[in-house]
Q: 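I'd like to ask you about the structure that follows.
To find a chain, count down the sequence lines: A is the first, B the second, and so on, and within it residues start at 1.
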Amino acid sequence: MNSAQIVSFLIQATYFVAAVLLIMGIKRMSSPVTARSGIQWAGVGVLVAVIATFFHHGGEHGLLIENAALIFIAIAISTAIAWYSGRRVAMTAMPQMVALYNGMGGGSAAAIGASALLGFAALANAPRFVPMQPHANTAQVVLAVVGALIGSISFTGSLIAFAKLQGWMDKTFRFTGQQLVNGLCFLAAVALGAMVVLHPQTQTIVLFFAAALLFGILMTLPIGGADMPVVISLYNAFTGLAVGFEGYVQGNIALIIAGIVVGAAGTLLTRLMAKAMNRSISNVLFSNFGAGGGAAQEITGSLKPIEADDAASLLYMAEKIIIVPGYGMAVAQAQHKIWELSQNLIKRDKDVKFAIHPVAGRMPGHMNVLLAEAGVPYDLIADMDDVNPEFPNCDVAIVIGANDVVNPVAKTDKSSPIYGMPILDVAKAKQVIVIKRGKGTGFAGIENALFYQDNCRMLYADGQEAATKLIAGLKAVDGGGGH
Amino acid sequence: MIDGFLALYIFMLAAFTGHEIISRVPVILHTPLMSGSNFVHGIVLIGAMVALGEATTPTEQVIGFIGVFLGAGNAAGGYVVTERMLEMFKSSKKPGSNQDGAKP
């Protein structure tokens, strides 16, 4: 073996180790005990692969890869920005950060596809006698196109999802004939992709990418915030697939394995999430959620406000209390105060539990992450199926910043856009206190029948402020003593 | 170049691996795992590095540069965010934290 072959062998060996580390990393991340080491293993895997790649094709024109300086600059700038933003962002903004970083991965896969396709076009249009180079086989070109299509959709789609969750964009954007326009755009992208496969030409490639990128935007625009968790997860799977396909194009098995593993895992995760909302993925993507439909059933009753002191008295007399957090708690950063309130209640011998709807917040498990941040022990946190039978025995249910996931119309009103979605049976509790900043509706944009029930009282306040007042209220009742 | 059927086998096995790994995950880990898998496909960075490394024309260099830039953002951002999420799980995982936590 000459030195170039040895370097190449070492790179391949490193990629193999990286693939093992990535798979074991994901495996470890699937259990709470080993999760933290899992991300570190995966991190080492990517790091060694990146270092090894600097020596890719080195040895002929020098030790390092061509354009090594450019590569280094791109990595340095991007890593610095991403690292800084990832460190600084509040836990509540995690979902959109995941969307953003995921979109970048999709864009990267699309860029790999673009440079591969431009290379194929140059080969196909070069004079016959030039190529001593290997010819691209059809499978490579097809997968380069498919990977680029999926990656582009994931790229712009994730950016739109990011902008929506960040509040930079209107929640939904709809016009008549939208599905037709989207359909045509998708068909155009596929047709242009087919033309690229048949006759690789620079103009066709450019048009193909334009259509694919545009479709990612169009596809995401009409999807409402309540469905964003599913969409982000779907794009995560998309990026994985795109990476896997472009890995085939480059002949890089580490990319194929990591990409396809994520693609499969992400697809399953997406289905689990959609199932938790009792909806199919196609329903999420194409149903124009919450747009019109039949006239909603008339909700009778009125909203009955309550003062914090009165609410504190209710809590003081209750024995069993269930707290239902939602996205509003995340926005108000109220998880710490809510835990402090819970500790005050536990100190007074109350049975306190947290009930988590599978899609509360903007990602599945979003609330669990926030409560974990505040230090709430696992065994106080209950999933929907476990906690629902307990609501009829519950003296007071506190709903903080949750809305659609506790709306009983999901069971009663067939014309409602959330009809059929499993909900937390908060309505069955003896008394419900809803902590809410104002009278606005949830992400689905529909009225919540729970709020109008006779057993429901509205505590209008910011989550932190409400919890602080409730703690003070409890202390006022018994002098702060507890026992 | 990877032979067609060999590639198919790799695709198939990797897909089952991904499916198996996720299917037994508790709900609480869905978000960190989504974030973690988001980091894992950040390995796309090495593909982008090769693309930029093989670029000869300015156009290819620009595209490759964008690819590396985006890929590095995916990897670095995905890592930091996942690490931060999982860091919090560590502290609340201690046995008996319920009793400790109950007495402020």
Q: Check whether any side-chain heavy atom of A/Ile112 sits under 4.5 Å from a side-chain heavy atom of B/Val44, and report yes or no.
A: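 A side-chain contact exists here, since the closest heavy-atom pair is under 4.5 Å.
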Q: Can you tell which part of A/Ile356 gets under 4.5 Å to a heavy atom of chain B, answering side chain, backbone, both or neither?
A: neither
Q: Do the side-chain N and O atoms of A/Ser85 and A/Tyr101 include a donor-acceptor pair separated by under 3.5 angstrom?
A: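 Yes, because at least one side-chain N or O of A/Ser85 sits under 3.5 Å from a partner of the opposite role on A/Tyr101.
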Q: Mind checking whether A/Leu241 and A/Val262 have side chains closer than 4.5 Å, heavy atoms only?
A: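 A/Leu241 does not reach A/Val262 side chain to side chain.
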Q: Using modelled atom types only, decide if a donor and an acceptor are shared between the side chain of A/Ser115 and the backbone of B/Ile63 within a distance under 3.5 Å.
A: no
Q: Quick check for you: among B/Ser37, B/Ala75, B/Gly78, which has the greatest number of heavy-atom pairs under 4.5 Å with chain A?
A: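 Heavy-atom pairs under 4.5 Å are most numerous for B/Ser37.
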Q: A/Arg28 versus chain B, heavy atoms under 4.5 Å apart: side chain, backbone, both or neither?
A: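 For A/Arg28, neither part sits under 4.5 Å from chain B.
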Q: With a 4.5 angstrom heavy-atom cut-off, could you sort out which part of A/Ser342 is near chain B: side chain, backbone, both or neither?
A: neither
Q: Chain B: which of A/Val243, A/Asn236, A/Ile26 shares the most heavy-atom pairs with it under 4.5 Å?
A: A/Asn236
Q: Within the 4.5 Å heavy-atom criterion, are B/Met85 and B/Thr82 side-chain neighbours or not?
A: no
Q: What option among B/Leu33, B/Val40, B/Thr17 has the most heavy-atom pairs under 4.5 Å with chain A?
A: B/Val40
Q: Pick whichever of A/Leu100, A/Val89, A/Ile81 has the most heavy-atom pairs under 4.5 Å with chain B.
A: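 Heavy-atom pair counts peak at A/Val89.
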Q: So B/Phe11 and A/Tyr248, would you call those rings parallel, tilted or perpendicular, with 30° and 60° as cut-offs?
A: tilted
Q: Which bit of A/Tyr15 is near chain B, if near means a heavy-atom gap under 4.5 Å: side chain, backbone, both or neither?
A: side chain
Q: Look at the rings of A/Phe54 and A/Phe72 and say which category their plane angle falls in: under 30° parallel, 30 to 60° tilted, over 60° perpendicular.
A: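 Because their plane-to-plane angle lies in the 30° to 60° range, the rings of A/Phe54 and A/Phe72 count as tilted.
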Q: Using a 4.5 angstrom heavy-atom cutoff, name the option from A/Ala82, A/Gly43, A/Ala265 with the most pairs to chain B.
A: A/Ala265
Q: Under 3.5 Å, which donor-acceptor pairs link side chains of residues 51-58 of chain B to any protein atom two or more places apart or in another chain?
A:
{"from": "B/Thr56", "atom 1": "OG1", "to": "B/Glu60", "atom 2": "OE1", "distance (Å)": "3.2"}
{"from": "B/Thr57", "atom 1": "OG1", "to": "B/Glu60", "atom 2": "N", "distance (Å)": "3.2"}

Q: Give, as side chain, backbone, both or neither, the part of A/Leu143 having an atom under 4.5 angstrom from any heavy atom of chain B.
A: side chain
Q: Donor-acceptor check, side chain of A/Asp383 to backbone of A/Asp385, threshold 3.5 angstrom: yes or no?
A: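 Between the backbone of A/Asp385 and the side chain of A/Asp383 there is no qualifying donor-acceptor contact (under 3.5 Å).
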Q: B/Gln61 versus chain A, heavy atoms under 4.5 Å apart: side chain, backbone, both or neither?
A: side chain
Q: If I measure from the heavy atoms of chain B, does A/Phe155 come under 4.5 Å with its side chain, its backbone, both, or neither?
A: side chain
Q: With a 4.5 angstrom heavy-atom cut-off, could you sort out which part of A/Ala139 is near chain B: side chain, backbone, both or neither?
A: neither
Q: Using a 4.5 angstrom heavy-atom cutoff, name the option from A/Gly106, A/Ala264, A/Ser78 with the most pairs to chain B.
A: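 Winner by heavy-atom pair count: A/Ser78.
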Q: Who wins among B/Leu45, B/Thr59, B/Leu13, B/Ile66 for the most heavy-atom pairs under 4.5 Å with chain A?
A: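 Max contact count across the listed options: B/Leu45.
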Q: Output, in order, the C-alpha distance, side-chain angles, deciding distance and verdict of side-chain contact (heavy atoms from CB on, under 4.5 Å) for A/Asn102 and B/His41.
A: CA-CA 8 Å; A/Asn102 172 58; B/His41 64 52; 3.0 Å; yes
Q: Quick check for you: among A/Leu118, A/Ile257, A/Ile260, A/Leu47, which has the greatest number of heavy-atom pairs under 4.5 Å with chain B?
A: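 Of A/Leu118, A/Ile257, A/Ile260, A/Leu47, A/Ile260 has the most heavy-atom pairs under 4.5 Å with chain B.
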Q: Applying ring pair (Phe, Tyr, Trp, His ring centres under 6.0 Å), name anything that partners B/Phe69, two or more places apart in sequence or on another chain.
A: none
Q: Return the option, out of A/Ser233, A/Gly263, A/Gly259, A/Ala114, with the maximum number of heavy-atom pairs under 4.5 Å with chain B.
A: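 Most heavy-atom pairs within the cutoff with chain B belong to A/Ser233.
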